[in-house]
Amino acid sequence: MNSLTPSGKTFLGLVLLTGFGEAVWAYFGVDHPIVQNRTGAWSAIILAAFFGFIAIKLARQTGFPDILDDRISNKERVLYPALLGFAFAIIEIRVSLAIHLPNIHVAFPLTIPVYLTGGIFLEILYHLGPVVFLVWPMIYY
């Protein structure tokens, strides 16, 4: 049996974190439209994890670097995306305040598992899977 690569181990940790977040939602009975309308039900999480593991295995063949590739500095891996995310968050907050949008967010402290779990799940669903599965066939075409 093949051992997990660092990318596989990292992905497994993220999937377990997503499962933990889902369990926290269920335990505390989070009753909010974001949680009620989510696509992150147990079956969806398991399906996303399955296809995500396949995508992680195929990503190397498509030329994407491993999650913890030594050639990528921590600035490129963490600092720049965090700064960009912070900038977008400030813009979103200012726009929502300017046009008086209602507050639709989950109350703290349940925001932590809800948005963390949702973020990981949606990254797998919208980015990891589609990008790898669309690029991989092009390599062999």
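These numbers were taken from a predicted model, which means no experiment stands behind them. Excluded from the calculations below are hydrogen atoms, water molecules and symmetry mates; all remaining heavy atoms, backbone and side chain alike, are included.
For Phe20, the side-chain contact (heavy atoms from CB on, under 4.5 Å) test picks out Val24, with sequence neighbours left out. The salt bridge (charged side-chain N to carboxylate O under 4.0 Å, His left out) check on Arg77 picks up nothing, with sequence neighbours excluded. In this structure Asp70 satisfies the side-chain hydrogen bond (donor to acceptor under 3.5 Å, both in side chains) test with no other residue, sequence neighbours excluded. For Phe64, the side-chain contact (heavy atoms from CB on, under 4.5 Å) partners two or more places apart in sequence, or in a different chain, are Ala59, Thr62, Val131, Val132, Val135.
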Please table the atom pairs, donor to acceptor, closer than 3.5 Å between any side-chain atom in residues 90-100 and protein atoms at least two apart or in another chain.
unit_1 : atom_1 : unit_2 : atom_2 : d
Ser96  : OG     : Glu92  : O      : 3.2
Ser96  : OG     : Ile93  : O      : 2.9

Determine all donor-acceptor pairs shorter than 3.5 Å in which one atom belongs to a side chain in residues 5-18; sequence neighbours excluded.
unit_1 : atom_1 : unit_2 : atom_2 : d
Thr5   : OG1    : Ser7   : N      : 3.4
Thr5   : OG1    : Gly8   : N      : 3.1
Ser7   : OG     : Ile67  : N      : 2.8
Thr10  : OG1    : Pro6   : O      : 2.9
Thr18  : OG1    : Leu14  : O      : 2.9

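The hydrophobic cluster containing Ile45 also contains Tyr126, counting ILVMFWY residues as joined when their side-chain heavy atoms lie under 4.5 angstrom apart, directly or transitively. The hydrophobic clustering, which links ILVMFWY residues whose side-chain heavy atoms are closer than 4.5 Å, places Val78 and Tyr80 apart.
The two atoms that bring Arg71 and Glu76 nearest to each other are O-OE1, 4.2 Å, heavy atoms only. Looking at every heavy atom in both residues, Phe121 comes nearest to Ala48 through CE1-CB, 3.6 Å. The nearest pair of heavy atoms linking Ala55 to Leu128 is CB-CG, 3.9 Å.
The line from CG of Leu122 to OG1 of Thr117 is 10.5 Å long, rounded to the nearest 0.5 Å. Taken from CD1 in Ile56 to CZ in Phe53, the straight-line distance is 8.0 Å, to the nearest 0.5 Å.
The hydrophobic cluster around Ile72 extends to none of the other residues, as no ILVMFWY side-chain heavy atom falls under 4.5 Å of it.
The number of heavy-atom neighbours closer than 6.0 Å to CZ of Phe50, taken from other residues, nucleotides and ligands shown, is 12 or below.
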